[in-house]
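Please read the structure below before turning to the comments.
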Amino acid sequence: MRPVTRRQADHHAARSAATVAQVMSTLQRLLDAGEAFSEISVQRILEEAGVSRATFYAHFQSKSDVLVRLTNDLRQSLLALAQQWDPPAGPDKLAEFFENVIKIHRAHQSVITAVREAAAYDPTVDDFYTADLEGFDETALRSLLSDQAAGLTPDDLDAVSASRIIVWGGAQAIAHHIRVDEGSGDTVFARELAQIWWHGAYRRPS
């Protein structure tokens, strides 16, 4: 039989996890309903989640902290997809990769919108938002330099500039596409993005 203190610790951990989940699901629901992150106050979250302010701050540093933790599933999905990044496989594989990126972004659209909004004025969220793009930028740069060394990409390509343009510009383009297209154009958009990456950088004519 486990000691009482262990049972108490387990009970406390379960309650703590339930509180965290309740607060996060509340913010998710408000964002999914179309509310802007900047307009959602901590007090609103407390009322909707049914938790006290002391309880909230015992688990989260701020409203932005809730948002950052809410993106965990998104990050895991993108990290798993990043393992499939293989530019030398050709434009068709790139198009498939980008279509999967768009699919993941659509599934987390409300959270991504909130992150992009908060990143403009909250350094904590900005650091979180840019970290993945910086990592992808580094991956793209390495692959471009590798292809240049192999003679597959022209020597006159500035790999640093090219990787920044295609990664950061591509992220902006995907975000805009999702806002203005209901989904019917995802395949075509992914194909065009892949063709631009492939012929504009990876296999740019000499």
Side-chain angles (χ1 to χ4, degrees), residues 37 67-68 70-206:
F37 179 71
L67 178 61
V68 167
L70 196 57
T71 61
N72 186 58
D73 288 344
L74 168 64
R75 294 195 78 182
Q76 293 304 316
S77 297
L78 290 175
L79 286 172
L81 183 59
Q83 302 303 314
Q84 304 173 26
W85 174 247
D86 184 23
D92 290 342
K93 278 294 184 181
L94 277 177
E96 181 181 329
F97 174 85
F98 289 129
E99 192 164 6
N100 286 329
V101 169
I102 293 171
K103 184 182 300 183
I104 292 173
H105 278 232
R106 281 199 183 280
H108 299 85
Q109 185 174 359
S110 64
V111 172
I112 292 175
T113 299
V115 168
R116 290 172 62 86
E117 173 197 336
Y121 56 79
D122 190 320
T124 300
V125 180
D126 182 57
D127 289 345
F128 173 83
Y129 173 66
T130 59
D132 289 337
L133 285 176
E134 288 172 349
F136 194 26
D137 189 351
E138 292 174 0
T139 298
L141 175 58
R142 285 196 300 269
S143 64
L144 284 171
L145 292 173
S146 176
D147 279 9
Q148 275 188 322
L152 299 173
T153 300
D155 289 336
D156 65 352
L157 174 82
D158 186 278
V160 173
S161 296
S163 64
R164 288 175 184 168
I165 292 168
I166 60 181
V167 170
W168 295 85
Q172 293 284 346
I174 288 173
H176 178 71
H177 168 74
I178 290 175
R179 285 197 301 271
V180 301
D181 188 285
E182 85 290 354
S184 62
D186 287 358
T187 298
V188 172
F189 182 88
R191 180 177 64 82
E192 290 303 321
L193 190 56
Q195 292 291 328
I196 290 170
W197 280 46
W198 183 255
H199 295 292
Y202 285 95
R203 295 299 181 272
R204 177 189 296 181
S206 301

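All values below come from the heavy atoms of this structure, side chains included, with hydrogens, waters and symmetry mates left out.
Side chain of Glu117 to main chain of Phe37: a donor-acceptor pair is present (N/O by atom type, distance under 3.5 Å, no hydrogens or angles). A distance-only check finds no donor-acceptor pair linking the side chain of Asp92 to the backbone of Ala95 [under 3.5 Å]. Panel note: side chain Ser146, backbone Arg142; no donor-acceptor pair is recorded below 3.5 Å.
The line from CZ of Arg203 to CD of Gln195 is 13.0 Å long, rounded to the nearest 0.5 Å. Rounded to the nearest 0.5 angstrom, His176 NE2 and Asp181 CG are separated by 10.0 Å. How far CG of Asn100 is from OG of Ser77: 11.0 Å, rounded to the nearest 0.5 Å. Interatomic distance, CG of Asp186 versus CD1 of Ile174, reported as 10.0 Å (0.5 Å rounding). In this structure, Phe98 CZ and Lys93 NZ are separated by 14.0 Å, a value rounded to the nearest 0.5 Å. We find the CZ-CD1 distance between Arg191 and Ile196 to be 10.5 Å, quoted to the nearest 0.5 Å.
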task: Go through the steps for Val167 and Trp197 under the test side chain to side chain contact (heavy atoms under 4.5 Å, CB included), then give the verdict.
output: CA-CA 9 Å; Val167 170; Trp197 280 46; 4.1 Å; yes
message: Determine whether Phe136 and Ile166 satisfy the following criterion, side chain to side chain contact (heavy atoms under 4.5 Å, CB included), listing intermediate values before the conclusion.
response: CA-CA 10 Å; Phe136 194 26; Ile166 60 181; over 6 Å; no
message: Show, in sequence, the C-alpha distance, side-chain angles and deciding distance for Arg164 and Asp158, and conclude whether the salt bridge (charged side-chain N to carboxylate O under 4.0 Å, His left out) test is met.
response: CA-CA 10 Å; Arg164 288 175 184 168; Asp158 186 278; over 6 Å; no
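Qualifying salt bridge (charged side-chain N to carboxylate O under 4.0 Å, His left out) partners for Asp127, counting only residues two or more places apart in sequence or in other chains: none. Shown here are the ring-ring contact (aromatic ring centres under 6.0 Å, His included) partners of His177, two or more places apart in sequence or in another chain: Phe189.
Using a 4.0 Å cut-off between charged nitrogen and carboxylate oxygen, Asp132 and Arg75 count as a salt-bridge pair. A salt bridge is absent between Arg204 and Asp147; no separation between the charged side-chain nitrogens and carboxylate oxygens falls under 4.0 Å.
Between Leu74 and Ile104, the shortest heavy-atom contact is CD1-CG2, 3.6 Å. Residues Asp126 and Ala119 approach most closely at CB-O, 3.4 Å, considering heavy atoms. Considering all non-hydrogen atoms of both residues, Ser163 and Leu144 come closest at N-CD1, 4.0 Å. In plain terms, the two heavy atoms of Thr153 and Tyr202 that are nearest each other are OG1-O, 2.7 Å. Residues Gly200 and Leu157 share a closest heavy-atom pair of O-CD1, 4.4 Å. The nearest pair of heavy atoms linking Gln148 to Pro154 is NE2-O, 2.9 Å.
Between Leu193 and Phe97, every side-chain heavy-atom pair lies at or beyond the 4.5 Å cut-off.
For CG of Asn72, the number of neighbouring non-hydrogen atoms (other residues, nucleotides, ligands) closer than 6.0 Å is greater than 12.
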